[in-house]
Structure formats: structure tokens, C-alpha cells
Amino acid sequence: MLLSGPMAWAKDNLFSSTPSALTTLAFIALAMWLLPPVIAWATSLAVWSAPDGSLCRQHQDGACWAFIAAKLDYLRFGSYPLSERWRVDVVEALGASLTLWLLWPKAPRRGWAAAMFFAVYPVLTLVLLRGSETLGLRTVDTLLWGGMLVSLLTAVVGIVFSLPLGVMLALGRRSQMPIVRLASVMFIEFVRGVPFITILFMTNTMLPLFVPEAWTPDRLLRPLIGIALFSAAYMAEEVRGGLQSLGRGQYEGALALGLNSPRMMALVVLPQALTMVIPGIVNNFIGLFMDTTLISVVGATDFLEAMNNAFKDPAWSGPTIVASGYAFAGMFYFVFCYSIARYSAFLERMLAKGRRK
Amino acid sequence: MTPSSIEANNSVAIDFVGVHKWYGSFHALRNINLSVRCGERIVVCGPSGSGKSTLIRCVNRLEEYQRGSIVVDGVELTRDIRRIDEVRRDVGMVFQSFNLFPHLTVLENCALAPIWVRKMPRRDAEDVAMQLLTRVKIPEQSSKYPGQLSGGQQQRVAIARALSMNPKIMLFDEPTSALDPEMVKEVLDTMTALAQDGMTMIVVTHEMGFARQVADRVVFMDDGEIVEINAPEPFFDNPQHDRTKLFLSQIIRFGVV
């Protein structure tokens with residue numbers, strides 16, 4: 001008898017009964033039929049480097065990764081001026097390291113990380129990306145921004161603003177004040193009842209109507225506002241679910257100690273409610289990341305739109321160019337969304353440790 | 001009755017005058033008149049649904065009342081939220097279901113209100129919390145989360161947490177009802193020790209042994225009314241009202257007293 005090791009595991013889990021063995025064999029057959037061609041297409045048959053599209057035109061049964069390599073700069077920066085792209089590099093590197101610092105639970109001085117990320121970093125980003133004549137940085141119109149820069153910027157702005165907005169809306173919806181409650185309900189239900197693309201068109205065309213001409217929001221700022229407001233409505237409903245699942249005893253325990261309403265919310269209610277709805281919040285973050293691909297309908301050049309633009313280059317018009325491009329785009333979105341999902345799973349495990357039996 | 005409580009100053013800690021409360025059309029409290037002196041220990045008993053919990057929850061205004069007045073430590077409870085917070089700071093409450101904060105450690109549970117309401121420096125608040133945890137005999141659990149403790153331990157933490165605000169009055173709402181039988185004693189012992197230190201207490205409980213031993217007066221409620229108030233000995237040995245007799249005979253049948 002095998003008691004341990006891979007053979008024993010396979011016997012226990014894959015071939016424990018006749019139906020189980022048949023299912024296992026069927027899936028092995030399916031994988032052997034489907035996977036090798038895909039892997040070969042993406043690796044051994046692929047064109048990894050080429051000076052132009054001619055090699056890709058000859059290799060019709062493999063991916064054309066050379067196309068991605070040739071267009072990578074455009075896919076990252078869009079039409080951001082060549083000489084100024086270091087500014088984007090700095091912003092991205094800073095953003096990545098601050099995010100890591102902030103999200104790593106054991107990192108020292110995370111308070112500093114938060115302060116930098118939420119107070120210093122946005123200003124720095126704005127100055128660097130937009131430019132400032134006083135600092136000798138050339139102004140770069142947002143119409144030139146594009147590619148991963150715009151996708152990541154949209155996602156980060158959306159995530160950072162939608163959660164606090166959503167919490168405020170959720171609290172507003174449960175408020176004792178009728179006007180606040182009504183306004184919150186109306187906002188949430190209106191936004192949830194309208195497709196995201198409609199919201200984008202509305203922020204794009206209606207925002208300029210409501211503010212003085214001098215304050216007309218930038219073309220790129222409008223979809224950013226749109227995505228933050230859209231996501232906030234969904235976030236609010238997630239947070240409301242967390243608030244409702246909290247027993248009345250927690251409120252009474254806090255009130256009986258003399259904590260006033262804001263402190264009760266900040267110290268007792270929200271920490272528990274938000275922890276409870278982490279999966280839902282993260283789901284929203286992932287959805288938001290996907291939705292960034294839609295901002296191209298109002299003229300922004302996000303990563304996917306940049307990819308579509310890159311396909312139009314006649315020098316790169318092989319039969320597998322488009323498939324390769326979308327495969328790469330898919331991987332780009334997958335890497336980010338899967339990382340978000342894994343981080344949230346890790347966070348849930350960490351927060352669950354010890355707190356509940 | 002202990003001599004100390006007779007000598008206790010005669011100032012009034014809590015004064016109910018003609019209090020009525022309705023839940024919709026249900027008349028939950030009917031014309032409650034009760035004066036609790038400083039240092040006095042009151043046990044409230046009665047069948048379930050008789051309004052005992054509602055009565056003490058009116059003291060720190062977890063429940064509103066519609067008619068009459070309640071004055072706590074000289075402050076009349078009105079809709080004024082600042083006055084309510086003022087009263088709540090000086091009135092500790094222990095609940096049947098503990099209501100500890102599960103996301104905070106035992107020590108953090110006990111230091112939270114002093115830090116944020118009394119504006120005490122964190123270190124001082126934690127020192128005080130440790131002293132209180134020692135007083136309820138669980139200092140070694142201070143860094144655990146409530147979910148890791150037994151029911152009896154959780155309820156003792158809840159008592160320490162209520163004491164952390166240094167209250168003048170303590171309210172206990174069936175503190176042992178949710179506990180396994182073997183844990184009831186440790187909680188009652190903690191409450192008895194508190195009573196011996198001269199704390200003003202109102203305790204809603206079915207523990208008649210505790211009532212007999214600790215109470216200065218026992219209040220019997222039925223159907224939203226105070227039916228009988230008396231010192232423990234005459235209350236248990238010579239009840240005046242039929243409803244009291246019925247209630248006592250019912251619990252004596254199960255050998256609770």
C-alpha cells in the first residue's frame with residue numbers, strides 16, 4: 001500500500017473510483033489535445049525578434065512577439081513625447097515602490113507610506129506628467145498621454161477615490177438625516193441603473209456644462225471622474241452589506257462606552273464591516289480595472305486602444321499580429337487582476353488570523 | 001444589607017419619575033417610579049418580556065422613553081445628544097451577549113474608550129486597562145482577541161471594559177444568561193467584588209442567589225410595571241403580591257434560589 005507521495009495522492013484524488021478515473025482521463029485527453037498547439041504557437045513557433053513585419057508574414061502558425069517588442073514604447077506611453085518619457089518612468093517606479101511599501105503588512109513605517117502615497121505622490125505625479133514651466137518641465141497635453149500609463153492611472157485614481165466615496169455613500173444611505181439618505185439612495189440607484197459607457201458620455205459632455213468655463217475639466221480628467229463615481233456606487237452597496245451584517249450589539253457596545261457617532265463608525269463599525277466585505281470590494285476593484293478599457297469611447301487612449309492603434313501600422317500586418325497583440329493585452333490585464341485577487345486572499349487570511357475562532 | 005450601604009450618602013444616582021415607553025402600540029414600561037441612591041445595589045427580576053432590560057437600557061438611553069423623566073447623576077436625559085454622551089461616559093453597561101469588539105485585542109477593547117472619549121494618553125489608558133484586567137483576574141489574556149476566550153472570560157473583559165471609563169453607575173443586563181453554567185460563578189464573583197467596593201449597580205438577572213446575597217433592594221417587574229420593591233429577605237421570604245409569589249414559586253420549582 002502506498003501511504004504518501006505523488007502516486008498515493010493521485011490514487012486518492014484522481015482515481016478513487018471508476019467515474020473519477022474516467023473523468024480524470026477525459027480531462028487529460030482534452031488537455032493533450034488543446035494545450036500543445038497553443039503552447040507551440042506561443043513559444044517554439046513564435047517569432048521572438050524581427051526588425052520589421054516581413055518575418056511574421058512568413059510564419060503564419062506562430063505568434064509574433066516581435067510586434068509587441070517593436071511597439072512596446074507606444075503601448076506604454078502612447079504619444080507622450082519621446083524626450084519626456086523618463087518622467088513617466090519615474091512616476092511608475094515611484095508608484096510601484098510606494099504601493100509595495102503600503103501593501104506589505106510587515107513593512108516599517110507604513111504610516112509614512114500612506115502619507116506619501118495619498119498626499120505627496122498625487123501632486124508629484126501631476127507635476128511630473130503634466131509638466132510645470134516654473135520647474136522647467138515641458139507641459140504635455142493629456143491628449144498625448146496613452147497606453148499603459150493611462151490604463152494604470154485610471155485604475156489607480158478609480159480605486160483610490162471610489163472606496164472612500166463608496167463608504168460615504170453607504171453611511172449616507174443609512175443616515176438618520178432624510179435629505180442625506182435620499183441623496184445617497186438617488187445617486188447610488190441612478191448610477192447603478194445606467195451603463196458605464198453612458199456615465200462616461202455624460203461626464204464627458206455634461207461636466208463642462210455645469211462648471212464655469214475656466215474650470216472646464218481636462219479631457220482625460222472627465223473619464224477619471226466618471227469611473228470613480230461609477231465604481232463608488234457599487235462600492236457603496238458592498239459596504240452597506242458589511243454594515244448590515246454587523247449586529248446591533250456592536251453599535252450598543254460602542255454607544256454605551258460614550259463613543260460618539262463618528263468615532264463609533266471609525267473605530268468599531270467600519271473596521272469590521274470593511275474587513276467582512278473585502279472579497280466584494282476586491283471584486284469591484286478588478287471590475288474597475290477591466291472597465292478602464294471603456295474610456296476609449298470618449299477619446300482617451302488606454303492600453304487596449306493603443307494596441308488597436310498599433311495594429312494599423314502597415315509595416316506590421318502579418319496574419320498573427322492581431323492574435324498576438326490581444327494575447328499580450330490579455331496577459332497584461334490578467335497579471336494585474338490576478339495580483340489584486342491574490343493580495344486580497346492573503347489579506348483575508350491575515351485578518352482572519354486570531355480574530356474569530 | 002451591609003452597613004456600608006445604609007450609611008451610603010443619600011444622594012440620588014438615578015431617578016425615574018412616571019416613565020412610560022411604547023414600542024408602537026405595545027406598552028413596554030408603565031408608570032415607572034424608582035429612586036436609586038448612590039452606592040445602592042438594585043436587582044431587577046421578573047418574567048421574560050416584563051420590561052426589565054428595557055428599564056435599564058433607558059438609563060443610558062439605548063432606548064428612548066415617551067413620557068416621564070429619568071435623571072441620571074443630576075443630568076436629565078433628553079434628546080440632546082451631548083447630554084446623552086455625558087451620561088454614557090459615567091454609566092457603564094454589561095450586556096448579555098458581551099458585545100466586545102472582535103477586531104481588537106482584550107487590552108485594546110479596554111483602552112479604546114479612555115483614549116478616544118477621555119483623551120487619555122495611550123500608555124496611561126493601557127496601564128489602567130491592565131489594572132482592570134488584573135482586577136477581573138485575566139491579565140494574562142490581554143493580548144488575545146475576544147474570540148479566543150471562553151464566555152466567562154469574555155464577560156469579565158466586558159466588565160473591565162465598562163469599568164475603564166471609571167463609571168459612577170454600572171448596569172448589568174442579564175450578564176450570565178448567555179453563559180455555560182460552570183462559568184456563571186466567575187462572573188458573579190466579579191460582580192460581587194464590585195458591589196463590595198461600593199459601586200452603584202442595577203442588575204437584571206435571574207440569579208436569585210446573587211440577589212439575596214448582594215442586593216440592597218429587589219425590584220420585581222411584570223408586564224411593564226414595577227409590582228413590588230423590597231429588601232431581599234422580606235422579598236424572598238414574604239412576598240406581598242400574587243404575581244411575585246407566582247414568579248418565585250416558578251423559579252424555586254427549578255431550584256434556582
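Note that these values count all heavy atoms, side chains included, but never hydrogens, waters or copies made by symmetry. These numbers were taken from a predicted model, which means no experiment stands behind them.
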J.: Using non-hydrogen atoms and a 4.5 Å limit, figure out which bit of B:Phe101 sits close to chain A: side chain, backbone, both or neither.
T.: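 For B:Phe101, the contact with chain A is made by backbone and side chain together.
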
J.: Taking atom CH2 of A:Trp101 as the centre, report whether more than 12 heavy atoms of other residues, nucleotides or ligands fall under 6.0 Å from it.
T.: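 For A:Trp101, atom CH2 is crowded (more than 12 foreign heavy atoms under 6.0 Å).
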
J.: Pull out the residues in residues 53-66 of chain B that come under 4.5 Å of chain A, heavy atom to heavy atom, sorted by number.
T.: B:Arg57, B:Asn60, B:Leu62

J.: Applying a criterion of heavy atom separation less than 4.5 Å, what residues of residues 172-185 of chain B form contacts with chain A?
T.: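 Near chain A, by residue number: none.
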
J.: Given a strict heavy-atom distance threshold of 4.5 Å, which part of B:Leu171 is in contact with chain A: side chain, backbone, both, or neither?
T.: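 It is neither, since no heavy atom gets under 4.5 Å.
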
J.: Keeping A:Gln250 on the side-chain end and B:Leu100 on the backbone end, is there a donor-acceptor pair under 3.5 Å?
T.: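 Yes, because the side chain of A:Gln250 sits within donor-acceptor range (under 3.5 Å) of the backbone of B:Leu100.
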
J.: Determine the option with the most heavy-atom pairs under 4.5 angstrom with chain A, choosing from B:Gln96, B:Arg82, B:Lys119.
T.: B:Lys119

J.: Can you tell me if A:Trp104 has over 12 outside heavy atoms packed within less than 6.0 Å of its CH2?
T.: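 No, because the 6.0 Å sphere around CH2 of A:Trp104 holds 12 heavy atoms or fewer from other groups.
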
J.: Using non-hydrogen atoms and a limit below 4.5 Å, what part of residues 253-268 of chain A faces chain B?
T.: A:Gly253, A:Ala254, A:Leu255, A:Ala256, A:Leu257, A:Gly258, A:Leu259, A:Asn260, A:Arg263, A:Leu267, A:Val268

J.: Within a radius of less than 6.0 Å around OH of A:Tyr343, do more than 12 heavy atoms belonging to other residues, nucleotides or ligands occur?
T.: yes

J.: Going by residue number, which parts of residues 161-194 of chain A are within reach of chain B, meaning a heavy-atom gap below 4.5 Å?
T.: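 Answer by number: none.
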
